[in-house]
Amino acid sequence: GANKESPTSLQDIFISVKTTSKYHDSRIRLIQKTWYALARDETYFFTDGDDKQLNKDLGGHLINTNCTIGHSRRALSCKMAVEIDFYMASRKRWFCHLDDDVYLNVPSLLSLLQKYNHKQDWYLGKPSLRYPLEVVDRENPGMKLAFWFATGGAGFCISRSLALKMAPYASGGRFMTTAEQIRLPDDCTIGYIIEHLLKQHLTVIDLFHSHLEALYLIKRHQLEKQVTFSYSKYSGKLNVLDIDGFDIDQDPTRLKSLHCILFPTFHECQGFPGK
Ligand code: UDP
Ligand code: MN
């Protein structure tokens with residue numbers, strides 16, 4: 001019929017990547033060489049400093065938030081506040097947030113979001129804990145409150161309908177005020193707003209993977225379906241996908257190899273040694 005919704009397409013998704021100046025040359029260039037090619041127009045990068053060349057290479061999508069540099073709660077919630085404000089202005093159906101050490105499987109994200117109605121309230125992501133986060137309730141001294149949140153490092157998506165309901169606590173700079181009230185990191189604050197203040201629920205998507213998981217457990221035949229992947233190195237110990245492909249010194253994060261397994265016809269994948 002005439003008023004039937006069109007299926008969600010890539011242009012309906014706002015892909016928001018949180019980054020910081022010191023990672024432009026490493027992490028953002030790696031994204032640029034891999035999955036970014038599949039979602040150039042939809043992806044925006046939120047950072048804390050100017051980088052003329054990178055901004056040019058990203059089609060003007062490198063946003064300097066002017067938030068303070070650093071890993072402080074304030075700096076990170078300031079960035080999330082700007083991400084949310086840009087999303088609201090974009091009028092798109094979905095807001096998807098990623099860290100800059102995430103590989104996004106773009107076609108898989110699209111097929112996931114096509115299964116959910118953006119006019120309903122959806123908070124899709126993967127918790128990093130097996131239990132809800134418990135914090136002291138500042139409004140009721142002596143009481144505790146518990147809620148689930150999607151870990152930012154695995155990526156999460158919020159439908160427009162839900163984002164509109166979050167606006168009183170999250171847009172127009174109010175996200176920072178909310179984060180300061182509960183004194184929690186940005187991804188926990190998102191969970192607090194959705195689960196505690198709005199009484200909506202996180203829908204767990206097992207296809208999202210942060211480096212808080214053991215990434216070597218993801219098997220070759222499962223790669224195509226997964227939506228996000230990450231990598232990390234803590235005190236010399238690598239947590240990366242266990243996949244064949246480029247040499248470790250050429251591709252320590254394994255994301256270039258992953259990209260060529262998923263999209264073998266890409267220019268960068270000529271002569272790719274994996275299967
Ligand atoms: N980040 C940031 N400012 C900083 C440090 C990190 O915005 O001073 C961002 C970084 O770009 C990434 C996210 O925060 O998107 C998580 O950082 P990282 O992966 O370094 O740390 P993790 O929390 O995963 O150990
Ligand atoms: Mn990380």
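Basis for what follows: all heavy atoms, side chains included, without hydrogens, waters or symmetry-related copies. Read the numbers this way: they start at 1 and go in the same order the structure lists the ligands and their atoms.
When hydrogens are left out, the protein atom nearest atom 15 (O) of ligand 1 is Lys18 O, 2.7 Å; that is the closest non-hydrogen contact. When only non-hydrogen protein atoms are considered, atom 10 (C) of ligand 1 lies nearest to Asp100 OD1, 3.6 Å. In terms of protein heavy-atom proximity, atom 20 (O) of ligand 1 is closest to Tyr23 OH, 3.1 Å. The nearest protein atom to atom 7 (O) of ligand 1, hydrogens excluded, is given as Lys79 NZ, 2.7 Å; this is a heavy-atom distance. For atom 18 (P) of ligand 1, the nearest non-hydrogen atom of the protein is Arg27 NH1, 3.7 Å. For atom 16 (C) of ligand 1, the nearest non-hydrogen atom of the protein is Asp99 OD2, 3.5 Å.
Heavy-atom proximity to Asp101, at under 4.0 Å, picks out these atoms of ligand 1: 19 (O). Counting atoms of ligand 1 from 1 in the listed order, those under 4.0 Å from a heavy atom of Gly70 are 3 (N), 4 (C), 8 (O). Close approach of ligand 1 to Tyr234 (heavy-atom distance below 4.0 Å) involves ligand atoms 22 (P), 25 (O). Heavy-atom contacts of Leu76 reach the following atoms of ligand 1: 2 (C), 3 (N), 7 (O) (cutoff under 4.0 Å).
If you check the side chains of Ser161 and Asp121, you find a donor sitting under 3.5 Å from an acceptor. Side-chain atoms of His211 and Asp101 form a donor-acceptor pair, as typed in the model, at a separation below 3.5 Å.
A salt bridge links Arg29 with Asp57: the closest approach of a Lys/Arg side-chain nitrogen to an acidic carboxylate oxygen falls below 4.0 angstrom. Salt bridge status for Arg27 with Asp100: present, with a side-chain N to carboxylate O gap under 4.0 Å. Using a 4.0 Å cut-off between a side-chain N of Lys or Arg and a carboxylate O of Asp or Glu, Glu42 and Lys92 do not qualify as a salt bridge.
Distances from atom 17 (O) of ligand 1 to the heavy atoms of Met80, His97, His211, His71 show the closest one on His71.
With a 6.0 Å cutoff to the six-membered ring centre and a 45° limit on the axis angle, Arg160 counts as a cation-pi contact of Tyr87.
In terms of heavy-atom proximity, Gln250 sits nearest to Lys256 at O-NZ, 3.5 Å. Pairing each heavy atom of Phe208 with each of Val227, the nearest pair is CZ-CG1, 4.3 Å.
Ring pair Phe14/Tyr44 is parallel by interplanar angle, where below 30° counts as parallel and above 60° as perpendicular.
Distance check, rounded to the nearest 0.5 Å: NE2 of His97 to CD of Glu83 gives 5.0 Å.
Considering backbone and side-chain N/O of Ile69, none are found under 3.5 Å from N/O of ligand 1. The N/O atoms of Asp48, backbone and side chain alike, include none that comes under 3.5 Å of an N/O atom in ligand 1.
Residue contacts with ligand 1 leave out Lys22, since none of its heavy atoms falls under 4.0 Å from the ligand. Contact analysis leaves Gly153 out of contact with ligand 1, as no non-hydrogen atom separation drops below 4.0 angstrom.
Side chains of Ile248 and Arg254 form a contact here, defined as non-hydrogen atoms less than 4.5 Å apart.
Between Tyr192 and the choices Asp187, Leu133, Leu198, Leu145, the side chain to side chain contact (heavy atoms under 4.5 Å, CB included) rule is met once, by Leu145. Partner of Lys79 under the side-chain hydrogen bond (donor to acceptor under 3.5 Å, both in side chains) criterion, out of Thr65, Asp48, Asp186, Thr47: Asp48 alone.
Within the protein, the N, O or S atoms lying under 2.8 Å from the Mn ion (ligand 2) are Asp101 OD2, His211 NE2.
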